[in-house]
Every structure is written in C-alpha cells, then in structure tokens.
Amino acid sequence: MYVCGPTVDNLPHLGHGRFSLVWDVARRWFTFQGLRVHYVSNITDVDDKIIARANNESRSEVDVVKQYEHEWWEAMGRLGVAEPDEVPHATEYIPQMVELIASFLERDVAYRTSDGVYFDVSSVPDYGLLAGQPLDTLRAGARVEGNDEKRSPLDFALWKNAKPDEPRWPAPFGDGRPGWHTECVVMSLDLLGEDFDLHCGGLDLKFPHHENERAQAEAAHKAFARHWDHNGSVMVGGEKMSKSLGNFTSLTDLLESTDPRAYRLLVLRSHYRSPLEVTRDIIADAERGLARLDAFARRFDLPALAGERFEVASAHGWEEESLELYERVTTLMNDDLNTPAAVGELFEALSAANALADDSLLVPATRLAQSINVLFGAMGLALLAGGHVVDEESDRLVRERDRARSAKDWSEADRLRRALSERGWIVEDAASGTVIRRP
Ligand SMILES: [Zn+2]
C-alpha cells in the first residue's frame, strides 16, 4: 500500500496525525488478518512552501527539510505509528521523473510553456474517474488561473522551470524541479510495481492529486493502483472551536499536552471516511476512555501489546466468549474498517469482563480481558497497566508546584494542583514533593 506522506515545510497538524493513524490502523489490521503488507509512504522534500520558508527565514531548503522531517518522525513515534517499510524522498527520484516527463513530451501528452511543462489532461479519456465527474464538468468548475499559456485550467505542472536562487535539477527541457503529482506516481510504481493494491491518502488528495497521479500512469500505459481509499478531514475550523483549541491545531502541541494514545482512541471512535471533530471536550472524553482501558489492564494485569512488530495475531488462542468477541469485531473491522462500532463492542466486552470478575468468575473474565487487549493491540492501541506516562506539560506543572511549595506560595501551589486535576491526575503531597497518579 502507498500512502501519500507529508510535505515537510511545517509542524505536522491534526490532519496529518489522523491520516497517519488511520492508515496505521488499516495496515495493522490487515497484518493481524494474516496479510503481508508492504507499506510505502513518501516525504515531499522539494516544494514551493519549503522554498518560501527557506527564503523567509534566510536558511537553506535542506535545513528546513531536515528540521521538519525530524519533527514528523518525532510525532509519528509518539503516536505509535509503525515505520513504513520504505520512505522514498522526492529528491531521490528526480532522474526517473525527468525521464517520464520527457516521454510525455515526446508523445504529445505534455507541452511546454514559458514556466515549465504541463500535462494535457484531455489526453486521458477517462480523466475525472476518481473525482466522479467527467472532464467537461470539471473544466466548467475549474478555477481560471493567471497562466493563460495552459491549454486547460485543469492541466497541471509536471515540471517547474527554476527561478533564480531556487533548487534545480538538470533536464533536457530546462533546469528546474518536479511538480508534486509526478513524485508519487513515479515512486509508487518504482517501489510497489504495476498493479499494486492500495493507494491511500486524505480526502483532500482525491482530486486533483490522485486523479493526476492516475492520469500520468494511464498516459504511461502502466497499470496503477487497484483500489483508492481516502480518509476524512479533521474539523477544527469553526471560529469558536479553534479559539477553544488554542495550539491544538499543531499535532506536536497536542501530543505534548495529552497522552498520544488518546488521539488514536479518538480517531478510532469515528469512521475513517467521516469528518473528525476535535475539541477539548472530545479529547477529554478520549482521555477518560483511555483511563478506563488502563485501569482495566491493571485489574487483569494485561501486557502492553501493539508494538512495532505486529506479533499479536498468533499470540492468542480464541475460545468461547473471546471467540464470539473476535468474530464480532472482525466482522465490523472487515466491513470497511468500522472502528467506531468495533471499539464500542470492545468497551461493552470490558464491562462484561469486569462484571464477571466482580462475580468471582475469574477464568472467563481473564480470557475475555486478554482478548480485548489483543484486539486493541491489533488496532495499535496499547493498554498500559503500568500506569500512565506523564506527559511533558504535566511534568512541568509538577515541578512548578514543587517550586511554589518550597517558596510557600500556597495560592500558586493550589492553582497548579487544580491545573493538574483538570488534566485528570490525582495530586498527592509526599515527602519528596508532588506525586501524581491516575484515578
Ligand atoms: Zn501523493
């Protein structure tokens, strides 16, 4: 499977977090079901936005890319997104892109203008297939741009001629850099071969990015992705909402202020194709759900699953109650990844296991608990019996509170205690200082 990765010009935002989690869950679930998955996800390391940032901040493009790619993998690590099998970088593939563009020019499916090379979308008879609209309709709705050398507003840049002081690569049709749509078609075909199974990305990529990738594969007479799949967007746009969210539009900020597993649970609780709303309340609700799961893991002394190696599938013998649960969850997950219903089943099973244990029926209770753990593990959500990871912000508040207490600033210490309880911690004063734990 090929998942369109980020352009590394900025900190990852919540939408990046969602698509990474959605396709991580899909990958893990396929693997859990016994499929072998070869997962490729690219990094776009040449782009207008990268050049713009480099210019604004008087640094090199390479420097910008280095910083934000580092931030990207940091965030992915925190989210528990398994590393792709391969991570192609656009700049590693420029000779292949040049070759493809040259062949398009030769066969007249592309043409040159004063600023680069464009693809002629009318050369692909079924252009608009992914958009679900014929070329005429798309053309009528297309934005008219300043560039009147383009034959159609839908034609897209394959190659951009270098302007002074921009990164450039040599090409027979003029030094410059590739357009974004050409990167992914070249890299996916190179690493996965023709006729690969699944091409994924956010809904915003369906048109024109994926349509344009597909058009190039068609024009090159290559069998491309058999299936396309897109995840819905993250809604943080409402005025009120973005105010209340503060810094949460940056994934990096969110991950500093909450347990990253809460975002995975939040993503799992909505269907991947639906829009996902993120508010403080929704995050707090996911945190409470996570606290329930961890308390459950403590009660039954469950090991943390969901590592990098996907070994959960064979780790479990399914019997009686657990087999029933397995079948219900599997049916839901195999029906277009119905994670909200599957997670609902798992939470119900959790109540059932607790009830069994309350009645001292420990054998079936434990069996059920282990199955719940395995199934959450298959979705990449690790239940942590060993207590909660203290996030950086909480850790900072604890240290601040200790300073306030030693300065005998009791009102400040109380304020910080309240701030910590608002974050779901029970705050205790030990001889060593402030100690926090989950309820
Ligand atoms: Zn792409």
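Every number for a ligand or one of its atoms is a count from 1 in the order of the listing.
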**Request:** With 2.8 Å as the limit, jot down which protein N, O or S atoms are around the Zn ion (ligand 1).
**Result:** C4 SG, C184 SG, H209 NE2
**Message:** My understanding is that only one of D175, D115, D48, D47 makes a salt bridge (charged side-chain N to carboxylate O under 4.0 Å, His left out) with K160; could you say which?
**Reply:** D48
**Request:** Tell me, please, which residues at least two apart from E213 pass side chain to side chain donor-acceptor pair (under 3.5 Å).
**Result:** H199, H209
**Request:** Could you tell me whether E194 atom CD has more than 12 heavy atoms of other residues or ligands within 6.0 Å of it?
**Result:** yes
**Message:** Are there over 12 heavy-atom neighbours, none belonging to D165, within less than 6.0 Å of that residue's CG?
**Reply:** no
Under 3.5 Å, which donor-acceptor pairs do the side chains of residues 72-79 form with other protein atoms, sequence neighbours left out?
{"residue": "W73", "atom": "NE1", "partner": "E69", "partner atom": "OE2", "Å": "3.0"}
{"residue": "R78", "atom": "NH2", "partner": "E392", "partner atom": "OE2", "Å": "2.7"}

**Request:** Any ring-ring contact (aromatic ring centres under 6.0 Å, His included) involving residues 263-286? Give me the pairs, sequence neighbours left out, ordered by first then second residue.
**Result:** W23-Y272
